[in-house]
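First up is the structure itself, then whatever we jot down about it.
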Amino acid sequence: MAQSKPAGAEKWPVVAIRDLHKSFGDLEVLKGISFTAREGEVVSLIGSSGSGKSTLLRCINMLEVPDRGNVAIDGEEIELRGSGKRRHIGNEDQIRRIRSELGMVFQSFNLWAHMTILENVMEAPLIVQRRARAEVEAEALAMLDKVGIGAKASNYPSQLSGGQQQRAAIARALCINPRVMLFDEPTSALDPELEVEVLRVIKLLADEGRTMVLVTHDMEFARSVSDRVIFLHQGLIEEEGTPDQCSAPPNRPASDNSSMPPATPEPLRRHNNIQRRDVKMKKIILAAAAILSLASASRAQKPSASPPRAPMLLGTSSMTPASPPALKSSWAMRSAKRLPLPANSSSMTGIPSSPTCSQAITM
Ligand SMILES: Nc1ncnc2c1ncn2[C@@H]1O[C@H](COP(=O)(O)OP(=O)(O)OP(=O)(O)O)[C@@H](O)[C@H]1O
Ligand SMILES: [Mg+2]
């Protein structure tokens, strides 16, 4: 049942989440999460890998049905029936309508490969919203211009860079004219130079006053774009506040100008430590992958009469003359710049779920 909008000064709660619980088998991922994103607010969700950020985001549009708790969009609570594992969507018409109010952008773009960029952007307004083609096409072209890829409208996704594909995915989400944009680590599959283009578009949307819930590992970006930052830890909200509050030491206001260097608050310190640990892991994996790649390259060479080579040591001048091409891959750049790895990376190590090491380093 939709609530009526209050006349008071407090902004309207566009997304209201109450006491959300979600388990997968024995793993309790969300243990009672509540938060609100009000009209025009940008709320960033930060947390270590596996802390439940994507699950929480997917519960907002019921791609995952929570075991307990409720979600209301624009004052209308999503109807759910049953309890625990048997809980399910109670009203298909309602969820279809509400989903068309939620524009979701995934890590891995999820564009249709057999459709042009323009067709991708037009699909939901035509098929789901059943709007007139001419009107939708004009709007889709305007959206593509807005995100800076108007010239790519008739190209296929495979003909675009990752950053351009992600901007097409943002245009597609915008084209349904959503009340809320949900972003799940929209730049984590991108090279650093492409990441900037996408972050610029998200910042533009934030400056326009769009209500957004954004999952990110990038604390700097979260700080620059958010009204509120939420730290998730072990299935609960550990800390919530303005970007300044979340990066200020406990019991000390952000405006305190004393000469003492500020202590980093616990959630941010933990986040930074995890980032550092992940970067270390990725460096180790890269080094191992480079060794394997060199070993398989030298095995592929025909046996020659040349004398056996001296063993190679990474990080010393005894390494082969130039770094292997693989080290110039996006993985190496990511590792060097402390960026997260592609969408199909496993959560802790960044190792792709199935491919071999040599495939991994050329992704
Ligand atoms: N459909 C599923 N079935 C079983 N387990 C799942 C499912 N989806 C998520 N999980 C588990 O729930 C936990 C939280 O996953 P989630 O994807 O929400 O984490 P995250 O915080 O988004 O991590 P990351 O930063 O790596 O994306 C993980 O342990 C994950 O393996
Ligand atoms: Mg995730």
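Counting convention: from 1, in listed order, for ligands and their atoms alike. The chain is numbered in sequence order, starting from 1.
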For E185, is the nearest heavy atom under 4.0 Å from an atom of ligand 1?
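Right, E185 reaches ligand 1.
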Provide the number and element of each atom of ligand 1 under 4.0 Å from a heavy atom of S48.
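With S48 as reference, the close atoms of ligand 1 come out as 21 (O).
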A student checking ligand 1 against L27 at a 4.0 Å heavy-atom cut-off should list atoms 11 (C), 12 (O), 29 (O)
Hey, is E197 close enough to R167 for a salt bridge, meaning N to O under 4.0 Å?
yes
Please determine if G52 has a nitrogen or oxygen closer than 3.5 Å to a nitrogen or oxygen of ligand 1.
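Looking only at distances, the answer is yes, because the N/O contact criterion of under 3.5 Å is met.
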When you compare ligand 1 with S49, is there at least one nitrogen or oxygen pair between them that comes in under 3.5 angstrom?
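Indeed, backbone or side chain, S49 has an N or O that close.
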Kindly determine whether R97 and D93 satisfy salt bridge (charged side-chain N to carboxylate O under 4.0 Å, His left out), including the steps that lead there.
CA-CA 6 Å; R97 180 167 45 76; D93 289 340; over 6 Å; no
Over all atoms of both residues, closest heavy-atom pair of P243 and A222
CG-O, 4.4 Å
Would you tell me which option among L45, V29, L232, L56 has the nearest heavy-atom contact to atom 12 (O) of ligand 1?
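The residue whose heavy atom sits nearest atom 12 (O) of ligand 1 is V29.
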Should one rank G25, G50, G235 by closest heavy-atom distance to atom 28 (C) of ligand 1, which comes out on top?
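Going through G25, G50, G235 one by one, G50 has the nearest heavy atom to atom 28 (C) of ligand 1.
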Ignoring hydrogens and angles, state whether a donor on the side chain of R179 or S100 is under 3.5 Å from an acceptor on the partner side chain.
no
Any donor-acceptor pair under 3.5 Å linking the side-chain atoms of T55 with those of E64?
no
Metal environment of the Mg ion (ligand 2), protein N/O/S under 2.8 Å:
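For the Mg ion (ligand 2), the protein N, O and S atoms that sit under 2.8 Å away are S54 OG.
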